[in-house]
Amino acid sequence: MIRLYNTLTRKKEEFQTIEPGVVRMYVCGVTVYNDAHVGHAMSALVFDIIRRYLEYRDYKFKHVMNYTDVDDKIINRANQLGEDPLKLSQRYIEEYSRELANLNILPPSATPQVSKTMPLIIEFIQGLIQKEAAYAAPNGDVYFSVISDNDYGKLSGRKLDDMQAGARIEVGEAKDHPMDFALWKAAKPGEISWDSPWGKGRPGWHIECSAMNLAELGEQIDIHGGGNDLIFPHHENEIAQTESYTGKQFARYWIHNGMLQLGGEKMSKSLGNIVSIKDFLAKRDADVMRMLVLSGNYRAPLIFSEETQDAAEKNLERLRAALRPASTSASGLSADAASAPAAQAESTKQAFIEAMDDDFNTPLALAALYELVKAINTARDNGANDEQLKPAQSMLRELTGVLGLRLQEKTGSSDDEAKVIALIEERNEARKQKNWARSDEIRDQLKEMGVVIEDSKDGTKWRWS
RNA sequence: GGCGUCGUGGCCAAGUGGUAAGGCAAGGGUCUGCAAAACCCUCAUUCAGGGGUUCGAAUCCCCUCGACGCCUCCA
């Protein structure tokens, strides 16, 4: 039984899809106006891991991730650069999708954009007005009426009365209730706009997701996800809009990832404490980012520091090392001893599934993997051959694959490779003559080139580090 | 001020009533010319602090302190 934590009910619930065997999942993507950062990567990775795991458990997936390509910030940025806003956002959409691919994130089955969903958004708003859940203001704005929705606030656990006390009431706004929010914003002079029954304008932020959801996945979906900073107001408002429109429960499970922390604070564009995905990948492997996400519960804040990144690299190296071949001089284990790693493979698989079934407990799943790593290494140390290592190694490959880890060995340039081999030959000559000084000097030189060497019975092995 | 999440060893982090997983770091050992890798051993009588419930609490309740998120755009 798969259980997952539902923000809506604040507890873990058994996972049951509307249509057996099929998961409809909508995850809020990004507003595209500049470089995405590792916090966005965290969110995308969390839902990629969830998807990969549920696919491993035989679910088919309809995975939708939207792009917000019409928005104040995009317009401002475009004005600064003297560029067309839709061209600007298109550029960042392409860039973001490349970055997701670089992070080994499976492409969603659909990636709708606001600018391409206008007719449906307008239709949606009209429907809400007809149901008296929304109203057009004289200035050309259209607002959602929160008092029309008797369970408004159920996702974030807020009451209208509580919120009103602290709400910022903009002077001159044409709202009936201070918490009412815009479905349609009248265009300011010179702004990009679309025609509508209320005049030229553009959609508010929340309505786009309701509309795209409906278009791509239908009235009811299984999982709606995003960062926990979206719970209020974004997801709260999405629920209000969609449920007022359809009269049905919108999403069964609301899943929210915790925020990535840099220096004790949430990483965000407005705070300016940003590490872009691009900058991260220039320094570290995509697996490192994924390992970082796997190292903690997806709902908890993720500490992003040099120390946690270094630890993630070490952990990856441990997994990679376990997949390396047996010693060429391996004598082979007795049939009895050879069954140990294979048996561990089975018990690790059980433990892995049990951990992941429980709200995607990746730290516990990793612990199960390390047990398998140990069994493989022990067998190898004891002389297991490749054939005997294979069952355990394939299982390790399978389960790390479910988590989306690539575990590729690092590579260097082939030009350097010839040099490395020459140096190792020279070093082995020196070692034969017991010229340890020269031998160690060459080892240091290789280390500076990023090459690690290991002397073994099979000869000297080397790899890029 | 309101709503919510949370505080576990040097660091990261499982564990939500039955007596503290795992990884990193550190120390010792086996192996090695020395290393590296691997393996073995050591490393929290204790879970922010204080009360309470219970035969029994890191786990439940209350209070205090602290952190983070949201309440405005945000993954």
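Not measured: the values here are computed from a predicted model.
RNA chain B is contacted by Asn361(A), Pro363(A) of residues 343-363 of chain A, taking any non-hydrogen atom closer than 4.0 Å. Scanning residues 386-411 of chain A for heavy-atom distances under 4.0 Å to RNA chain B yields an empty list. Taking every heavy atom of residues 95-111 of chain A and every atom of RNA chain B, no pair lies under 4.0 Å.
Straight-line distance from the CG atom of Leu323(A) to the P atom of A37(B): 17 Å, rounded to whole Å. In this structure, Leu366(A) places its CG atom 13 Å from P of G15(B), rounding to the nearest Å. The separation between Glu307(A) atom CD and A26(B) atom C1' is 13 Å, rounded to whole Å. Atom CD in Gln433(A) sits roughly 14 Å away from atom C1' in G33(B) (whole-Å rounding). Rounding to whole angstrom units, CZ of residue Arg427(A) and P of A35(B) are separated by 13 Å. Rounded to whole angstrom, the span from the OH atom of Tyr26(A) across to the P atom of A75(B) amounts to 12 Å.
One can find a donor-acceptor pair under 3.5 Å joining the base of A35(B) and the side-chain atoms of Arg443(A). Side-chain N/O atoms of Asp310(A) and base N/O atoms of C24(B) include no donor-acceptor pair closer than 3.5 Å.
Checking Thr68(A) against Glu208(A) by side-chain atom types alone, a donor-acceptor pair falls below 3.5 Å. In the model, His256(A) has a side-chain atom that pairs as donor or acceptor with a side-chain atom of Thr7(A) under 3.5 Å.
Comparing the same atom, P, in C63(B) and in G1(B) gives a spacing of 15 Å after rounding to whole Å. Distance noted for atom C1' between U30(B) and C34(B): 16 Å (whole Å). Nucleotides A58(B) and C47(B) are separated by 7 Å at their P atoms, to the nearest Å. Going from the C1' atom of A25(B) to that of C12(B) covers 11 Å, rounded to whole Å.
The pair Arg438(A)-Glu426(A) meets the salt-bridge criterion, since a charged nitrogen lies less than 4.0 angstrom from a carboxylate oxygen. Salt-bridge check for Arg320(A) with Asp287(A): failed, with every basic side-chain N at 4.0 Å or more from each acidic carboxylate O.
Here Tyr143(A) contributes atom OH and Asp176(A) contributes atom CG; the two are 10.0 Å apart, rounded to the nearest 0.5 Å.
Stacking annotation: Trp436(A) is stacked on the base of G33(B) (ring centroids less than 5.5 angstrom apart, interplanar angle below 30 degrees).
Taking 4.0 angstrom as the limit, Lys447(A) places none of its side-chain polar atoms (N or O) nearer than this to OP1 or OP2 of A35(B). The phosphate of C39(B) (OP1 or OP2) has a side-chain N or O of Asn377(A) nearer than 4.0 angstrom. In this structure, Lys461(A) does not reach the A37(B) phosphate: none of its side-chain N or O atoms is under 4.0 Å from OP1 or OP2. Under 4.0 angstrom from either OP1 or OP2 of C34(B) there lies no side-chain N or O belonging to Arg438(A).
For His235(A) and His206(A), the distance between ring centers is not under 6.0 angstrom.
Surrounding NZ of Lys447(A) are at most 12 heavy atoms belonging to other residues, nucleotides or ligands under 6.0 Å away.
Each of Arg431(A) and Lys266(A) was matched to the nucleotide of RNA chain B holding its nearest heavy atom; the match closer to the 5' end belongs to Arg431(A). Taking for each of Arg463(A) and Ser305(A) the nucleotide of RNA chain B with the nearest heavy atom, the 5'-most of the two is the partner of Ser305(A).
Leu292(A) comes within 4.0 angstrom of no nucleic acid atom, judged by non-hydrogen atoms across all strands. No contact: Gly153(A) has no heavy atom under 4.0 Å from any strand.
Of all heavy-atom pairs between Lys410(A) and Ser465(A), the closest is CD-C, 3.6 Å. Across all their heavy atoms, Met65(A) and Pro112(A) have their closest contact at O-CD, 3.5 Å.
Residue Asp381(A) places its side chain closer to C39(B) than to any other of C39(B), C12(B), C3(B).
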